[in-house]
Every structure is written in structure tokens, then in C-alpha cells.
Novice: 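Have a look at this one before I ask anything.
This one's a predicted model, so the numbers in the text were calculated from it and none came from an experiment.
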Number of protein chains: 2
Amino acid sequence: MAEEISGRSDQTRILQLLWGKTDTPKRGPKPKVALSDIVAAAVIIADAEGLEAVSTRRVAEAAGVSAMSFYTHVQSKAELLDLMLDHVSGAGSVPPPEWPQMDWRARMTLVAESLWQHYLTHPWVLQIETHRPVLGPNTMAAYEVALSAVADIGLDEIEMDLAITSLANYVTGAVRNAARAQTVKELTGMSDDQWWHAVAPFFETLDYSAYPLSARVGSIAGETYGLGDPGRAFRFGLDRLLDGMELMIARKVSTRK
Amino acid sequence: MAEEISGRSDQTRILQLLWGKTDTPKRGPKPKVALSDIVAAAVIIADAEGLEAVSTRRVAEAAGVSAMSFYTHVQSKAELLDLMLDHVSGAGSVPPPEWPQMDWRARMTLVAESLWQHYLTHPWVLQIETHRPVLGPNTMAAYEVALSAVADIGLDEIEMDLAITSLANYVTGAVRNAARAQTVKELTGMSDDQWWHAVAPFFETLDYSAYPLSARVGSIAGETYGLGDPGRAFRFGLDRLLDGMELMIARKVSTRK
DNA sequence: CATAACTTTGTACGGTGTAAAGAATTAAAT
DNA sequence: ATTTAATTCTTTACACCGTACAAAGTTATG
């Protein structure tokens, strides 16, 4: 019963934290650690050991405070996860020097690849189900760079947003298998390829007659590149998606003339 | 020290369960429930209350056995999750009657849309991080139907697999925002749109000069369809992806002649 | 110096996944 | 028919989880 506008203040609190718009209290002891220390500690743990290793006690200890002191900096674990998301979004928010000379397609490819790399570096990001879009400064900076990839090529604002959004959507979808394979390999030392060879004998005992196409395609695809190359599907789909965008752009430019 | 080939048997156990290739034991009491009862109970809970409501105790109780009896049917919770994944993959594995008359593009659109619907019906599927691809009968049946969408249009086996895989990749990526919005709305009663209007005042206090494109694009896109229509980005990207595939197919056909 | 505001800490609770041990049940071996 | 072995079910227990709550310590203001 302290806050009259509690409903709204809950919603905006995370945004205030992300943008550093919280008014620092005057009285009371100085905090032992800053919020960013806690978030950074959590990210280090998640990068090294996965999201399930990120417990409030672990993070508090790593940051140098006791378990419950954690909760004076962060309202809940869900809030910590949101903060972590924006924290790691820093990468890719600064375009390379040759950016101005690149055409839109090279730029979008670069955006897609850096996003791909981002998810492989922080695979736990894919596991977090946030309550709302995390509109922090780092996330917005990355969005800004992505938008600049398709600026001034004849798209209106809606199309620019759709182009970037669907590119990002595609990458997040395509990277899941790659991230899983990488994570599991790190944890168990067994690659998808090795796993495939371990279970292949079992599949030979199955009756495949109900799956004629799968049997044909699966075995040929398997022979060619195993289960082991999610990057190949990524690049294939990316090229198709960009081809489709090229078509749309060309169509727009021609009708405008 | 019971199994000599323990390393391998662990890997294939889940496959044996999925394909019903486990040899039923002769001695001992009859099980009170079947494995499928447990998996079905877990899926019902996940559909209704989300993945975090699926605890071993909850599932065991819902299935009608005591907490630890659960573990005689299933080796671990991870194994249960794998079984749940194949269990719900049944939908979309039977093509509609007009399938033979449809062209590849209409078919792939249908595959994408039914996959989209699948994830919205079972949003918890997106949260599960499996150890390995779950190659159960239902999953394979869905793959078979998807492959049949692009059979006999001039693609080789590798290209067929790549086309289907990248289509599925795209859908899983695009559906995440839609699933989140739907789930959060069900849980909190607040739509993304309502949330946006609740936090919009905060954003007006920010200095946007560092994000000129985002400010322009974001506000125009926001005015036009809020945060509220992930389906629009889905259809946009899908059309681009299919356009790109059309280009590839046309190129293949023309070089063959 | 008292007080109010604030951070930190310790204890505690209900929940989680599952290990371990024992009891009950069934089929095969004697 | 009785023992034996295999299997399921149940109980108890443990370490860990997120976090509510109360108490103690710390700092700026009245």
C-alpha cells in the first residue's frame, strides 16, 4: 500500500533500471555492489555453465553479497533475466568501418551472422521466456544498426521493420539446433555426429515403409553432411530469404519509376 | 554393472520408448499405468498451465501413481520432456484431402501455418531444450508430410531437406513472439498493446537522438499495428522466403532444360 | 541525538528432482 | 507347492530452488 500507481510502476521499473533512470536513495548504507555487478556475474555464470546454473544464491555469492541482499537490487529472478538479456545485446551494436560502402544485402548478411554468433556465444538467451520485449539501450542500439542496413533503399518504415524483424526471426529459429548441438557437445563431449553413429544401428531395425521420403532424403542428407551442419541450413535459408527481399525491393523500385 | 553396453543403451533407450521397441518384462507386478498415460497427463498440464507447472510430482499424481513410481516408467524428467515433444507432433502429419491438387507453394504455406498453429497450441515446446533431436514416429510423420510438399518439383534430396529445414527454422523463430504474447496475455490478462500504452509515457522521457532510425521506424510501426501483430511479420517473412525458393526452383528447372 | 530510510543478514517455508531402501506383486525355477 | 528372482510401488530423505519475513546494521536528515 505504499505506491498508489503500483500497477504501472511495476511495468516501468525494469525500463527505469535498464535506462538508469532510478533515483538513488539518499539515506541508508551504501550498497556493497552495483546492479551491473550482479547482472555481469549472472551472465558469466550463464555463459560458462548454462542458465540452470544461474540461481539467486549462486549469483549473489559470485557478486559478493549474501543470498537475500540480492533482492534489494533486483525485484525477482525474472527481472534479473530481463536485465541479462539487454546486458549481452551490446555486441553487434557497432557496425564495422566498411559499413558505409556495403550494399544492403551484405549488411543484412552481416547482421544475420553477428546475431547468429551472438546466440552461439550466449545460448541461454534462447531459453529465456521474457514477459515483455526488453527495450533496453543495448537492445535498441542493435536494432538501430540493423535498421541502418536497410535504410535508403526505397523501403518505407513498415517494410524496414518487417524486413529486420523477419530476418531476426529467421536467425533465432535457425540457430536453435546449432546452439543445442554446441551446448550438448560441451557438456557431454559427444557431437551430434557421434550420437548419430551411436544410434544408427537402432534405426536399421525399424520399418521405414511408412516414411518413404524421409528414408530417402534422410539417408542421403545424413550421408552428405550428417546431422552435423546446422550452419548449412542457416546459410541456405538466409540466401533464400534475402533473394526474396531482393525481389521485393526490385519490384518497389520499378513501380516507383 | 548390469549392462555391459551401458553407454550405448542410454542413448537408444529414448528411441526404443518412442518406437515401442522395449521388451516388456515377464515377472513383477503389472504397472498401474502405461507410459503413454504419464506422457499424456504431462502434456495436458503443460498445455493448460505452462511448462513450469510440469513437475514430476504433479505428473505422477495426475497419472494416478505415487511420486516415485513415476521413475519406473521414465528415467528422468528430461526423458519425459523428450517423450512429450514427440507426443504432440501428431498434428500436421496427415495432409488435407486437397493436398494432391495443391502446388508446392500452397503446400509449404500450409506446412508453415500448421507448424505455426502447433506452436501456439503447445507454446511450451519452444521452451524445451532437448539433448538430441527427437526422432519419434510422430515427428517423423510430420517430416514426411513436409517433404512431400516439395517432392517432384525438381529438387534433389539435399535441397528438399534444406528447404523444409529452413522453412521450419523460420517458423520456430517467428512464432516465439506470438507465443510469448499469447501466453503472457493468458496469464496476466494484459496484451502487448495494453502493455505498450502503459509504458509509452516512460519512453517519451528518453533522449532518442542516439537512435534516429528506431525512433522513426518504431513510432510509425507502433502507430500502424502496435506491438500486437507478430502474425504480420510471420507472413511477410514467409512470403519472402518462399519467393526466394521459387527463384531457386525456377533457376534449377531452366538450367536443366 | 533521535528518527526515518535504507541495505544486509539469518531463518524459514513450500517446492523441486531424484537417490535409497523396503514392501508388495508376479512369473519362473525348483 | 514353495522358493527365488525380477519388477513395481511406496516411504523417507537430501540438497537445492525462489523468496517471505524479521531483525540487525548503516547512513543522512530532523
Side-chain angles (χ1 to χ4, degrees), chain A residues 1-3 10 13 17 22-38 41-42 45-46 49-84 124 127-129 131, chain B residues 1-3 9-10 13 16-17 22-39 41-42 45-46 49-84 124 127-131:
Chain A
M1 46 187 69
E3 337 85 342
D10 283 335
R13 198 192 121 87
L17 287 177
T22 48
D23 35 18
T24 55
K26 297 295 171 189
R27 304 196 215 185
K30 302 294 176 200
K32 287 175 69 175
V33 300
L35 176 60
S36 59
D37 296 333
I38 291 182
I45 294 172
E49 299 174 51
L51 196 61
E52 72 280 0
V54 178
S55 72
T56 57
R57 286 172 174 84
R58 263 297 293 279
V59 172
E61 191 193 20
V65 290
S66 268
M68 287 308 289
S69 176
F70 172 90
Y71 283 98
T72 60
H73 299 88
V74 157
Q75 208 158 254
S76 68
K77 189 182 179 179
E79 193 172 284
L80 172 70
L81 296 179
D82 278 350
L83 294 170
M84 289 169 70
W124 47 270
Q127 294 177 58
I128 296 184
E129 197 76 8
H131 302 29
Chain B
M1 45 188 72
E3 337 86 340
S9 81
D10 282 337
R13 199 192 119 88
Q16 290 173 349
L17 287 177
T22 49
D23 34 19
T24 55
K26 297 295 173 190
R27 307 196 213 186
K30 301 293 175 200
K32 288 175 67 174
V33 300
L35 176 60
S36 60
D37 297 331
I38 291 182
V39 177
I45 294 172
E49 300 175 51
L51 196 62
E52 72 279 0
V54 178
S55 72
T56 57
R57 285 171 176 84
R58 263 297 291 282
V59 172
E61 191 193 20
V65 291
S66 268
M68 287 307 289
S69 176
F70 172 90
Y71 283 97
T72 60
H73 299 88
V74 156
Q75 207 159 257
S76 68
K77 188 182 179 180
E79 192 172 285
L80 173 69
L81 296 179
D82 277 351
L83 294 170
M84 289 170 69
W124 47 268
Q127 295 176 57
I128 295 183
E129 198 77 8
T130 71
H131 303 27

Novice: Any idea which of D/dC9, C/dT16, C/dT9 is nearest the B/Thr72 side chain?
Specialist: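 Among the listed nucleotides, the one closest to the side chain of B/Thr72 is D/dC9.
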Novice: Between the main-chain N or O of B/Ala34 and the side-chain N or O of B/Asp37, is there a donor-acceptor pair closer than 3.5 Å?
Specialist: yes
Novice: Which heavy atom in A/Ala60 sits nearest to a heavy atom in A/Ser66, and how many Å separate them?
Specialist: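 Heavy-atom minimum between the residues: CB-O, 3.7 Å.
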Novice: DNA chain C: A/Pro31 or B/Ala53, which has the more 5' nearest nucleotide?
Specialist: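 On the 5' side of the pair lies A/Pro31.
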Novice: With heavy-atom distances below 4.5 Å as the criterion, would you say the side chains of A/Leu81 and A/Leu51 are in contact?
Specialist: yes
Novice: Classify A/Val54 by what it touches in the nucleic acid, base, sugar-phosphate, or nothing, heavy-atom distance under 4.0 Å.
Specialist: sugar-phosphate
Novice: Determine whether B/Phe70 and B/Leu80 make a side-chain contact, defined as any pair of heavy atoms from C-beta on separated by less than 4.5 Å.
Specialist: yes
Novice: Whole angstrom is fine here: how far is it from CD in B/Glu79 over to C1' in C/dG17?
Specialist: 14 Å
Novice: Distance check needed: D/dC16 C1' versus A/Glu49 CD, whole Å only.
Specialist: 15 Å
Novice: Give the rounded distance in Å between these two atoms: CG of B/Asp37 and P of D/dC9.
Specialist: 12 Å
Novice: Nearest whole Å is fine: how far is D/dT11 P from B/Glu61 CD?
Specialist: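 Whole-Å distance recorded here is 13 Å.
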Novice: Distances under 3.5 Å only, N/O to N/O: pair up the protein atoms with those of nucleotides 22-30 of chain D.
Specialist:
unit_1 : atom_1 : unit_2  : atom_2 : d
D/dT27 : O2     : A/Gly28 : N      : 3.4

Novice: In this structure, how many angstroms lie between the C1' atom of C/dT26 and the NZ atom of B/Lys32, rounded?
Specialist: 16 Å
Novice: Donor-acceptor pair, distance only, cut-off 3.5 Å: does the side chain of B/Ser55 make one with the backbone of B/Arg58?
Specialist: yes
Novice: Within a reach of under 6.0 Å around CD of A/Glu49, are more than 12 heavy atoms found that belong to other residues, nucleotides or ligands?
Specialist: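 Enclosed.
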Novice: How long is the line joining CD of A/Glu52 and P of D/dC17, in whole Å?
Specialist: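 Distance check: A/Glu52 CD to D/dC17 P gives 11 Å.
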Novice: Would a 4.5 Å heavy-atom cut-off, applied to side chains only, mark A/Gln75 and A/Leu17 as touching?
Specialist: no
Novice: What's B/Ser69 touching, base or sugar-phosphate or nothing? Going by heavy atoms closer than 4.0 Å.
Specialist: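 Here B/Ser69 touches the bases of the nucleic acid.
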Novice: Could you list, one pair per line, each protein nitrogen or oxygen that sits under 3.5 Å from a nitrogen or oxygen of nucleotides 18-21 of chain C, together with the distance?
Specialist:
unit_1 : atom_1 : unit_2  : atom_2 : d
C/dT18 : OP2    : B/Tyr71 : OH     : 2.7
C/dT18 : OP2    : B/Lys77 : N      : 3.0
C/dT18 : O5'    : B/Tyr71 : OH     : 3.3
C/dT18 : O4     : B/Arg57 : NH2    : 2.9

Novice: Assess the residue pair B/Leu83 and B/Leu35 against the criterion (side-chain contact (heavy atoms from CB on, under 4.5 Å)); give the C-alpha distance rounded to whole Å, side-chain angles, the decisive distance to 0.1 Å, and a yes or no.
Specialist: CA-CA 10 Å; B/Leu83 294 170; B/Leu35 176 60; 4.0 Å; yes
Novice: Tell me, do A/His73 and A/Pro31 make a side-chain contact under 4.5 Å, heavy atoms counted?
Specialist: yes
Novice: In whole Å, what is the span from the NE2 atom of B/His73 to the P atom of D/dT10?
Specialist: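 In whole Å, D/dT10 P and B/His73 NE2 are 10 Å from each other.
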